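One structure below.
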Amino acid sequence: MRASRSAGVSSFQEPAPAGKAPARQLRASSVAKWQCIFFMADGRSISAESERRSGAGGKADPPQGPGRSGSGGPPAWSSRTWPARRDGLSIRAMSVRVRFAPSPTGFLHIGGARTALFNWLYARHHGGKFILRIEDTDAARNSEESVRVILEGLRWLGVGWDEGPLTPDATGPCQGDRGPYFQSQRRALYERRVEALLSHDLAYEKDGAIWFRMNPEATTFHDLIVGEVHRELPDREKENPDFVIVRSDGKPVFHLTNVVDDLEMGVTHVIRGEDHLSNTPRHIALFEAFGVKPPHYAHIPLILNPDGSKMSKRDQGASLQTYIDEGYVPEAVVNYLCLLGWSPKDNQEILSLEELIDRFDLTGVQRHNARFDLAKLQWMNGQYMARMEPDRFYELGVHTLAHAGFDPNAWPVEYVKAALDTCRGKLKTFAELPGYAGFYFREEVVFDPEAEAEHLVPASREGLERLRDAFARLEHWDAGHLEACLKNTAGEMGVKPRQLVHPLRVALTGSKIGPSLYHLIEVLGRETTLARIGSALERIGA
RNA sequence: GGCGCCUUCGUCUAUCGGUUAGGACGCGGCCCUCUCAAGGCCGAAAGAUGGGUUCGAUUCCCAUAGGCGCUGCCA
């Protein structure tokens with residue numbers, strides 16, 4: 001164990017690696033400097049931030065204590081580093097503030113959606129705030145349309161944000177008092193922070209870019225999911241651990257903007273993908289340079305393709321939009337995503353939003369990556385479809401049909417409802433609906449060639465004719481009577497019901513698969529049923 | 001290559017050192033049945049490898065292998 005960083009002075013005492021430039025010994029190391037920055041950089045927000053954090057210190061300290069072993073030494077936010085927190089104004093548990101900070105790339109990655117979800121659930125579970133911040137510093141690939149995809153994706157999932165943009169317009173209205181919530185609108189904030197770093201020699205300019213001075217030391221930090229993370233210096237960083245925070249074209253770099261925003265927005269827990277684990281020491285160093293305690297970190301494992309490779313933009317199913325387009329139920333997607341990398345520990349698979357909020361916590365998050373399993377998502381979606389309220393099923397069904405080119409509104413509402421009702425419990429996704437129930441909404445039956453060849457044959461003629469006559473005379477047009485009628489007819493003919501059932505189904509729907517035969521006949525109505533039997537007989541005759 | 005994280009049925013997971021290693025999806029079989037589903041029942045299916053620690057390891061430690069991540073003046 002070394003007491004280097006937090007002592008605030010040891011950097012000067014530790015032997016510098018051979019060949020080290022003197023300037024490097026002035027790296028972010030001195031408490032006095034931090035306090036200066038604290039006052040000079042941005043009195044208002046830093047001050048407010050620090051007080052808030054310090055007040056929370058007593059209760060919400062990261063789990064690791066100063067006595068912990070490891071060459072990274074104790075955390076730099078010990079009381080010696082930051083005395084003010086001892087007499088903070090409000091000594092009570094800080095309220096949780098988490099954020100989802102996507103970069104608008106044109107689509108919402110399924111992994112990003114889960115990250116947002118975990119943040120949201122964490123906030124809801126702990127009664128905190130969920131912030132949405134758009135990291136649109138890379139103007140080249142950003143557009144309002146890209147932001148819209150993110151906003152609509154989150155809304156579709158039911159993940160609402162307490163603070164953040166109201167519209168995709170970066171200069172448009174936002175809610176929350178820590179805005180702007182688009183990084184492209186926060187340049188002044190970054191510049192002020194960079195000035196502060198520069199003026200205290202915690203950063204320097206070189207080749208037109210601004211570099212942050214990093215301590216060339218191994219680091220250790222605590223992660224709420226991964227646990228202790230100890231990191232030796234890679235070879236490259238032994239040579240030069242400094243990194244660019246402002247590019248030579250003047251644009252601030254991710255590491256800088258991310259930290260500054262989290263700091264300014266009072267983020268208490270950074271819950272993000274594990275691909276950021278390696279960035280964390282840099283971020284912590286930045287927070288320390290600004291003189292504040294870093295937030296808690298929780299790195300969630302990644303979502304992999306079924307074959308174990310990294311799921312990237314181009315991979316099948318990587319975009320949330322796929323599931324929106326294919327008629328998935330948002331609650332099912334949410335439920336599935338939660339179970340991918342998190343477990344309620346009691347074998348329960350189907351959990352409502354309320355149950356998820358109630359039970360979600362970081363302790364149940366896995367430490368290893370998970371592969372995406374479409375089959376299980378589909379099963380779950382089917383579960384939600386079978387259980388949802390009839391009215392919702394009706395609405396989503398109509399929407400899907402309209403999307404597929406049908407015009408459900410051309411039929412009476414009661415007819416549409418009854419038709420959709422025969423599909424309940426039969427489908428895994430709404431995308432299957434047009435193919436499954438399209439016959440309800442077409443004038444002419446579209447025949448599946450195989451079904452027609454198999455069942456609309458001369459041998460079926462007599463059965464269909466007798467059924468047509470029987471149905472024409474049937475007094476009560478409902479599933480029960482239709483079934484009895486068909487079985488009667490079969491009895492009279494001395495054949496099994498199934499010998500009538502299959503040709504009839506194909507005659508009415510064009511397909512071998514579909515809803516319950518008697519129920520679909522009831523919905524179709526006498527006129528259509530008789531007409532379609534007639535058409536089928538003509539086809540047989542032809 | 002360097003640094004980091006990870007490793008239970010095909011997949012998602014349960015297991016707070018002692019279990020016939022449980023559940024779910026998927027798969028196979030049976031039942032139900034007008035088709036397809038749904039539902040019910042049954043079944044096959046797992047602790048990467050090698051060392052330790054321990055009376056006893058899936059569980060704790062180390063190593064190896066493998067996977068993933070980071071290694072940009074991308075985010």
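Computed over heavy atoms, backbone and side chain alike; hydrogens, waters and symmetry mates excluded. Throughout, a chain's letter reflects where its sequence line sits, starting with A, and its residues are numbered from 1. Because the structure is predicted, anything quoted here is derived from the model rather than measured.
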NA contact type, A:Gln383, heavy-atom cut-off 4.0 Å: base, sugar-phosphate, or nothing?
sugar-phosphate
Looking across every strand, which nucleic acid part, if any, lies under 4.0 Å from A:Asn279 by heavy atom: base, sugar-phosphate, or nothing?
base
Between the base of B:rC36 and the side chain of A:Lys426, is there a donor-acceptor distance below 3.5 Å?
yes
Would you say the base of B:rC3 and the side-chain of A:Ser278 have a donor-acceptor pair closer than 3.5 Å?
no
In whole Å, measure the gap between the C1' atoms of B:rG1 and B:rC61 for me.
28 Å
Under 3.5 Å, is there an N or O donor on one side and an acceptor on the other linking the side chain of A:Tyr436 and the base of B:rC36?
yes
A:Leu277 has a side chain; which of B:rA75, B:rG4, B:rC34 sits nearest to it?
B:rG4
Quick note, A:Glu349 side chain, CB onward, closest among B:rG23, B:rU35, B:rC73 is B:rG23
Is there a donor and acceptor pair, one atom on the side chain of A:Arg505 and one on the base of B:rC34, closer than 3.5 Å?
yes
Think A:Arg424 forms a cation-pi with A:Phe393, using NZ or CZ under 6.0 Å from the six-ring centre and within 45 degrees of its axis?
yes
Within a strict 4.5 Å, meaning less than it, do heavy atoms of the A:Leu433 and A:Leu427 side chains meet?
yes
Write down the distance separating the C1' atoms in B:rG52 and B:rC9, rounded off to the nearest Å.
28 Å
Considering only atom P, compute the distance from B:rU59 to B:rU8 and round it to an integer number of Å.
12 Å
Between A:Phe360 and A:Trp342, ring centroids under 6.0 Å
yes
Presence of A:Lys376 side-chain N/O under 4.0 Å of B:rU11 phosphate oxygens OP1/OP2
no
Indicate whether OP1 or OP2 belonging to B:rA14 is found under 4.0 Å from a side-chain N or O atom of A:Gln366.
yes
